[in-house]
Amino acid sequence: GAVVSQHPSRVICKSGTSVKIECRSLDFQATTMFWYRQFPKQSLMLMATSNEGSKATYEQGVEKDKFLINHASLTLSTLTVTSAHPEDSSFYICSAGRQGALDSPLHFGNGTRLTVT
Amino acid sequence: QKEVEQNSGPLSVPEGAIASLNCTYSDRGSQSFFWYRQYSGKSPELIMFIYSNGDKEDGRFTAQLNKASQYVSLLIRDSQPSDSATYLCALPESEVTFGTGTKLQVIP
């Protein structure tokens with residue numbers, strides 16, 4: 001069964017509004033979670049690394065004030081797209097992995113398809 | 001920064017053939033690798049991991065790791081149309097690094 005739950009799976013919002021996406025690790029504690037964005041027919045792009053209890057680390061070119069990440073507990077990270085615009089429409093995916101083992105894979109949420117109208 | 005490179009494809013193979021997907025990496029110290037499959041419009045799903053030299057087999061899938069040459073491969077035997085997807089290789093270190101993925105098309 002799924003070990004990472006992402007919600008919602010699909011959201012449509014109006015330009016200028018904010019959208020929150022949740023990512024939960026279901027049966028393990030994740031001190032680190034990752035947020036990705038994928039535009040149609042393009043590669044998975046890492047946006048930021050979410051660290052429990054501290055600030056997220058953003059990849060170059062990703063606006064931290066626009067994409068707010070909160071990792072308040074070991075099982076939950078949220079990504080809030082603030083003042084969304086049509087160009088933010090994309091497929092957002094989170095992932096998490098168990099820590100401390102070289103053979104510990106990342107598990108992905110099912111993704112959130114965001115459409116900004 | 002650790003890098004992973006893949007040929008973006010598309011790689012087209014006829015149904016029943018062997019599909020060979022390759023990935024090279026830059027960091028000689030990398031210890032293990034994962035292969036993910038991503039269907040269009042879906043998130044990636046783990047299909048195999050490998051962390052020792054040689055081959056690892058799981059059903060129709062075989063992962064091959066050659067640390068001396070710094071490449072990792074995924075072979076899919078008896079390819080099926082349902083195998084058509086993008087295959088991503090990844091390093092599992094903290095800054096998870098994905099290749100761009102190779103799009104595989106299995107032609108019926």
Side-chain angles (χ1 to χ4, degrees), chain A residues 1-10 21 23 30-52 54 56-60 62 79 89-115, chain B residues 1-10 21 23 25 27 29-54 56 58 61 63 65 67 72 74 84-105:
Chain A
V3 295
V4 174
S5 173
Q6 186 173 343
H7 179 81
S9 59
R10 189 178 295 268
I21 304 170
C23 181
T31 55
T32 304
M33 292 185 178
F34 302 94
W35 288 96
Y36 303 85
R37 179 170 55 183
Q38 188 172 38
F39 293 106
K41 298 184 179 181
Q42 293 190 20
S43 306
L44 202 62
M45 297 299 297
L46 179 65
M47 297 176 66
T49 302
S50 172
N51 304 299
E52 187 269 336
S54 64
T57 304
Y58 291 82
E59 295 299 301
Q60 189 172 5
V62 178
L79 169 67
S89 299
S90 187
F91 190 46
Y92 292 85
I93 310 172
C94 71
S95 70
R98 292 177 174 85
Q99 302 301 310
L102 287 178
D103 59 352
S104 177
L106 284 185
H107 298 279
F108 287 84
N110 287 332
T112 298
R113 188 160 303 282
L114 170 63
T115 303
Chain B
Q1 182 176 357
K2 298 168 185 172
E3 292 186 354
V4 170
E5 292 190 3
Q6 290 181 262
N7 187 322
S8 62
L21 306 161
C23 180
Y25 59 95
D27 183 7
S30 296
Q31 296 293 313
S32 53
F33 301 87
F34 300 106
W35 281 100
Y36 291 85
R37 175 177 61 198
Q38 185 178 22
Y39 290 112
S40 180
K42 302 293 185 182
S43 62
E45 57 179 327
L46 179 71
I47 52 175
M48 287 199 73
F49 73 89
I50 185 166
Y51 54 89
S52 57
N53 261 338
K56 179 180 179 182
D58 184 1
F61 297 95
L65 175 59
K67 292 186 178 181
V72 58
L74 180 69
S84 298
T86 297
Y87 290 81
L88 305 161
C89 67
L91 300 172
E93 284 82 4
S94 59
E95 294 181 9
V96 174
T97 306
F98 284 95
T100 54
T102 299
K103 185 174 183 178
L104 173 67
Q105 295 176 337

When the 4.5 angstrom heavy-atom criterion is applied to E45(B) and chain A, the contacting part is neither
Interface check, chain B: of R113(A), Q38(A), Q6(A), K41(A), most non-hydrogen pairs under 4.5 Å belong to Q38(A)
The interface call for Q42(A) against chain B, heavy-atom contacts under 4.5 Å, is neither
Looking only at heavy atoms and a cut-off of under 4.5 Å, which of S8(B), G41(B), S40(B), S43(B) has the most pairs with chain A?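 Counting heavy-atom pairs under 4.5 Å, the top option is S43(B).
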| Is P44(B) close to I93(A) at the side-chain level, that is, under 4.5 Å between some pair of heavy atoms? |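 Contact flag for I93(A)/P44(B) side chains = yes.
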Open item on the list: For the NZ atom on K42(B), are there more than 12 heavy atoms of other groups (residues, nucleotides or ligands in this structure) within a distance under 6.0 Å?
Closed with: no
